[in-house]
Amino acid sequence: MRALEDLTGTVDIVLFPRVFEQTRLLFEPDKVVVVQGKVDARAGSTRATGSAAPPVEPEIESEVEVASVVADMAWLWDDPACLPVSRRQLLHVRLPGGDSGLAERLEAVLARHPGTDEVVLHVVVGSREVTVHADRYHVLAGPALTAEIDEVVGAAATRLETVRPKAQSNGNGRSKR
């Protein structure tokens, strides 16, 4: 069993041997991890240890539930294979000026990797860099695409930016209006 903590609290994660072997390297301090599983809420005890949880107040002891999550799988936040979290990625490509055929070669690479991620081109014009949101290209951003683009451009020209979804208001009155 592992305990995960964020700014709102701590939860025990139950990892059975198969899942533990697949994910054990993910659980390190300060890593952002996404866990998919089932909540196991037992009044006054935890599933893994069976020990009684310390009561918050004696008069409400029978109402205290200690929850744990029985993990089916876990991923690092930035892992593109992380199924439970939908996210957008922006593919940034820095293009040097002066190569007239580069645009066509880049377009061919982008066409071979269709998806929903957006492309942002940073084109070097003289001593300036012009940023262009290439709305006509939507790709499946990832290591295969970035390696292919870097090979075409001839340098490390790509950068992936993960755009995290904003948390929705939970109705506690703290959202901005």
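When a residue number appears, it is its place in the shown sequence, counting from 1.
Taking the side chain to side chain contact (heavy atoms under 4.5 Å, CB included) definition, one finds that Thr131 meets it with Val120, His122, sequence neighbours left out. With sequence neighbours left out, the side chain to side chain contact (heavy atoms under 4.5 Å, CB included) criterion links Ala157 to Asp150, Val153.
Taken to the nearest 0.5 Å, the CZ atom of Arg94 stands 11.5 Å off from the CZ atom of Arg159. Taken to the nearest 0.5 Å, the CZ atom of Arg105 stands 13.0 Å off from the CG atom of Leu110.
Here the closest heavy-atom approach between residue Leu160 and residue Gln89 is recorded as CD1-OE1, 3.9 Å. Val11 and Ser68 get closest at one heavy-atom pair: CG2-CA, 4.2 Å. Taking each heavy atom of Val33 and Ala74 in turn, the nearest pair found is CG1-CB, 4.1 Å. Among all heavy-atom pairs drawn from Ala3 and Thr10, the shortest one is CB-CG2, 3.9 Å. Residues Val19 and Asp72 come closest through the heavy atom pair CG2-O, 3.3 Å.
Side-chain polar atoms of His133 and Glu118 form no donor-acceptor pair below 3.5 angstrom.
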I'd like to know whether Asp40 forms a side-chain contact (heavy atoms from CB on, under 4.5 Å) with Val14, so could you lay out the CA-CA distance, the side-chain angles of the two residues, the decisive distance to 0.1 Å, and finally the verdict. CA-CA 10 Å; Asp40 183 13; Val14 178; over 6 Å; no
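Cluster annotation: Val124 and Leu102 are assigned to distinct hydrophobic clusters (Ile/Leu/Val/Met/Phe/Trp/Tyr, side-chain heavy-atom contacts under 4.5 Å, transitive).
For the pair Lys31/Trp77, no side-chain contact is recorded, criterion being any heavy-atom separation below 4.5 Å from C-beta on. Between Leu106 and Leu121, some side-chain heavy-atom pair lies under the 4.5 Å cut-off. Using a 4.5 Å heavy-atom cutoff, the side chains of Thr158 and Leu91 are in contact. Looking only at side-chain heavy atoms (C-beta outward), Lys38 and Val69 stay at 4.5 Å or farther from each other. At a threshold of 4.5 Å between non-hydrogen side-chain atoms, the residues Thr23 and Met73 count as touching. For the pair Trp75 and Val35, the minimum side-chain heavy-atom distance is 4.5 Å or more.
Heavy atoms of other residues, nucleotides or ligands lying less than 6.0 angstrom from CD of Glu151 number 12 at most.
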May I have the list of side-chain donor-acceptor pairs in residues 134-142 shorter than 3.5 Å, sequence neighbours left out?
unit_1 : atom_1 : unit_2 : atom_2 : d
Arg136 : NH2    : Glu107 : OE2    : 2.6
Tyr137 : OH     : Glu107 : OE2    : 3.1
His138 : ND1    : Asp135 : O      : 3.4

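Here Glu21 pairs with Arg24 in a salt bridge; the nearest charged N to carboxylate O distance falls below 4.0 Å.
The closest donor-acceptor contact from the side chain of Asp117 to the backbone of Leu90 lies at 3.5 Å or more, if one exists at all.
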